[in-house]
Every structure is written in C-alpha cells, then in structure tokens.
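Report on the following structure.
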Amino acid sequence: MENKKIAIIGTGNLGRALVNGLLDNQTVAPGDLFVTRRNSASLQDLADKGLTVSSDNKAVAKQSDVLILAVKPYNIQQVLEDLQDVLTENHIIISVATGVTLAELKDFSGGKPRVARAMPNIGAEVQASLTCLTLDELNEDQKIFVDKIFHVLGENVHIPENLMEAATILGACGIAFVLRFMRAMVQGGVQIGFDSKTANQIVNHTVYGAARLIMENNYHPEAAIDLVTTPKGCTIEGLNEMEHSGFSSSLIKGIVASYKNIERN
Ligand SMILES: NC(=O)c1ccc[n+]([C@@H]2O[C@H](COP(=O)([O-])OP(=O)(O)OC[C@H]3O[C@@H](n4cnc5c(N)ncnc54)[C@H](OP(=O)(O)O)[C@@H]3O)[C@@H](O)[C@H]2O)c1
C-alpha cells in the first residue's frame with residue numbers, strides 16, 4: 001500500500017487537519033496528495049506546497065487510490081453518485097461523515113470500491129484526536145495503511161460499525177461534554193477567589209494532568225480518585241456533595257440523550 005495516492009474530497013477544517021498531519025509526519029509525499037473543494041482558490045497555500053488542488057472530484061478520483069470524504073454528511077450521496085462511473089474495485093473510500101453507513105457508502109458509490117468509516121474528534125486540529133475506525137471491508141494491508149493515515153491525527157481505536165454512533169457521542173460530542181465540565185470548574189474557581197484567566201490555566205492543566213495520569217498508568221478513574229481522597233478530607237466531601245446533586249447521573253443521562261438523538265436522526 002506504500003506510495004498510494006490519497007485524495008481528500010472536501011478540504012475544510014478536518015481535511016486541512018489531515019493534510020497538515022500527513023505532511024508533518026511525512027506519511028505521504030506532497031505529490032501523492034490531492035485536495036478538492038468547490039472553492040479551490042482557497043486551497044492555493046496547499047498548491048504552493050506541491051499538492052494537487054482541484055474542484056474537479058472526478059479528475060482527482062481517477063488519479064487516486066484512497067478517497068477520504070470530508071464533506072458534510074448531507075453532501076456524501078451526491079458526491080459519490082457523481083463519482084460512480086470513475087470508481088473501480090481498486091479504490092478505497094473512507095468517510096468521516098456522521099451517520100452515513102457502510103451500506104449507504106457502498107450503494108452511493110455503485111458497489112465497486114471498498115468502503116470504510118472514520119470518526120475523529122476536533123482534537124484532530126492539534127493532532128490529539130481519538131479516531132474510531134471501522135475497517136471491516138479492508139484487507140490487512142489496507143487496514144494498516146488507513147490506520148497510518150489517521151494516526152497522524154492522534155490515536156486510533158478499531159470498532160465494529162454498530163458502535164460508530166456511540167463512538168460519535170462519546171468521542172466527538174464528548175469533547176463538548178468535557179469542555180462544559182471544565183467551564184463549570186472555572187466558574188467554581190472564580191467563586192473561590194481566582195481571576196478567570198488563572199482559574200482557566202489551573203483547570204486546563206488539572207484536566208491534562210488527570211488524563212495523562214490515568215492513561216500512562218492505565219488506571220481506572222476511580223483508582224486514581226482513591227489516590228487523592230483522604231478520609232474525612234475536603235476532596236471526598238466535595239465529591240460526595242457533587243454526587244448528591246446528581247453529577248455522575250447527569251453526565252450519564254446526557255450521554256444517553258445524545259445517543260437517542262443520533263439514533264432518531
Ligand atoms: N471537524 C471535525 O473535527 C470533525 C470531527 C468528526 C467528523 N467530522 C466530519 O467531517 C466532515 C467535514 O467536517 P468539517 O468540519 O471539516 O466541515 P467543513 O469545514 O465545512 O468542510 C467541508 C468541506 O467540503 C467542501 N465541499 C462541499 N461540497 C463539496 C463537493 N461537492 N466537492 C468537494 N468539496 C465539497 C466545502 O468547501 P466548498 O464549499 O468550497 O466546496 C468544505 O470546505 C463532516 O462530515 C463532519 O461531520 C468533522
């Protein structure tokens with residue numbers, strides 16, 4: 001799979017994050033990278049770096065082996081149907097669009113290419129995404145190659161397709177849930193005496209430290225909580241007060257409500 005030509009169809013925020021990661025990590029040579037959007041003039045900076053920039057998806061698909069669809073979900077069907085007559089059994093199509101199934105990708109693309117799904121989160125912009133991948137249709141070489149592509153955005157987890165919507169809630173929407181928790185921490189910090197900038201700085205690093213602590217030691221969160229709670233101390237009193245007010249319950253309910261929404265729509 002080395003030296004395959006990769007096309008990003010729909011080079012907006014996520015597409016650009018992919019391009020940056022692929023170039024920074026030298027995963028692909030600029031000459032093997034094709035990028036499209038209708039307003040292709042706005043991609044001139046990528047042309048200056050040696051990428052092929054175009055607004056012609058068909059011309060680009062003809063010259064590429066792997067197509068990453070980074071358009072909005074409502075554009076996927078039209079984009080793929082327009083490409084049907086140039087797509088072959090040798091193409092791999094990877095969609096990052098929420099809610100578009102493998103069966104739909106197969107159908108919209110005319111049935112020939114192998115199809116896969118990827119669900120990054122906005123951490124991709126700083127190469128700290130957790131990307132969930134569904135690669136069941138690909139052979140081992142292709143899986144390794146696609147894994148390498150998305151690895152430039154951060155870490156990957158391979159999941160079955162029936163968990164892709166759950167992955168969207170926990171990983172992609174999850175960023176917003178964590179940020180709302182952080183905002184509340186900042187508000188609490190201001191009430192107990194910090195200016196907002198200092199409270200923000202403390203909260204950001206506290207969350208970063210907590211995440212690193214449990215990831216690097218492979219701890220369950222509760223095991224790490226045990227490390228910082230003294231009997232009769234202020235941490236356990238604060239935690240229990242939060243639980244009396246429904247902290248964990250409200251987070252779990254929010255995740256389930258989001259999931260029900262994605263299932264409905
Ligand atoms: N951003 C994230 O962190 C993130 C995370 C997970 C999943 N996603 C998914 O990734 C996809 C892209 O998200 P985004 O935030 O990058 O959106 P975005 O910034 O709006 O990018 C979409 C791009 O698609 C282009 N486009 C639209 N129709 C096109 C067509 N027919 N041919 C070629 N290009 C076309 C648009 O440019 P023109 O208008 O110039 O054509 C635009 O630049 C979405 O499906 C989203 O659900 C994003």
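Counting starts at 1 for both ligands and their atoms, in listed order.
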(request) State whether the number of non-hydrogen atoms from other residues, nucleotides or ligands found under 6.0 Å of Q201 atom CD is greater than 12. (result) no

(request) Please determine, by modelled atom types, if H158 and D147 share a side-chain donor-acceptor pair under 3.5 angstrom. (result) yes

(message) So if I only count non-hydrogen atoms and take anything under 4.0 Å from ligand 1, which residues does that give, chain by chain?
(response) G10, T11, G12, N13, L14, T36, R37, R38, N39, N57, A70, V71, K72, P73, N75, V79, V96, A97, T98, M119, P120, N121, I122

(message) Can a side-chain donor-acceptor contact be found between S248 and E243 if the only test is distance below 3.5 angstrom?
(response) yes

(message) For E137 versus V115, what's the shortest heavy-atom pair and its separation?
(response) OE1-N, 3.2 Å

(message) Is a donor from one side chain sitting under 3.5 angstrom from an acceptor on the other, for Q77 and E81?
(response) yes

(message) Suppose clustering is done on Ile, Leu, Val, Met, Phe, Trp and Tyr with side-chain heavy atoms closer than 4.5 Å. Which residues sit in the same group as F194?
(response) I202

